[in-house]
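Worksheet: one structure, shown below.
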Amino acid sequence: MIHRVLPVVFLFLSTVTIPAFSNGTVTGRVYDRFTGDPLPGATVTWGRGLGTATDREGVFLINPGSGSWTLNFRYVGYRQSVVTVNVVP
């Protein structure tokens, strides 16, 4: 079985720090980096079991609050991807 690395692109991030105007909101798009196809239903989790799933376009929006958070991205047939973000108030 071939496992692909789950690529994650944050639409509003050029670095891992989120601008202050975001009010603790993290948004992004999860897609296959080889085909560019969105991955609908990919799970995004953080903290103690909090999470969401991407929509049909592979887009997610979470509000973890300020601080440093490790986001885990999972999708069937792909390897888990882990990204740390710093959310500023």
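Taken from OG1 in Thr43 to CG in Asn72, the straight-line distance is 8.5 Å, to the nearest 0.5 Å. Taking OG1 from Thr45 and CD from Gln80, the interatomic distance works out to 7.0 Å, rounded to the nearest 0.5 Å. In this structure, the separation between CH2 on Trp46 and OG1 on Thr84 is 14.5 Å, given to the nearest 0.5 Å. Note that CD of Glu57 is 10.5 Å distant from CG of Asp37, once rounded to the nearest 0.5 Å. Note: Asn63 CG to Leu50 CG = 11.0 Å, rounded to the nearest 0.5 Å. To the nearest 0.5 Å, the span separating CG on Leu39 from OG1 on Thr54 amounts to 7.0 Å.
Proximity of Pro38 to Arg29: side-chain heavy atoms (C-beta onward) are separated by under 4.5 Å at one or more points. Side-chain contact check for Val85 versus Leu71: some heavy-atom pair is nearer than 4.5 Å.
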| request: Dump the intermediate steps for side-chain contact (heavy atoms from CB on, under 4.5 Å) on Ile62 and Thr25, then the final yes or no. | output: CA-CA 6 Å; Ile62 61 173; Thr25 299; over 6 Å; no
| task | Could you walk me through whether Phe73 and Tyr78 pass side-chain contact (heavy atoms from CB on, under 4.5 Å), step by step? | result | CA-CA 10 Å; Phe73 298 87; Tyr78 290 76; over 6 Å; no
| message | Could you walk me through whether Val30 and Tyr75 satisfy the side-chain contact (heavy atoms from CB on, under 4.5 Å) test, starting with their C-alpha distance in whole Å, then the side-chain angles of each, then the deciding distance to 0.1 Å, before giving a yes or no? | response | CA-CA 10 Å; Val30 182; Tyr75 193 76; 6.0 Å; no
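Between the side chain of Asp55 and the main chain of Val59, a donor-acceptor pair closer than 3.5 Å is present. Side-chain atoms of Thr52 never come within 3.5 Å of backbone atoms of Phe60 as a donor-acceptor pair (strictly under, hydrogens ignored).
No continuous path of hydrophobic side-chain contacts links Val82 to Val44 [ILVMFWY only; heavy atoms under 4.5 Å].
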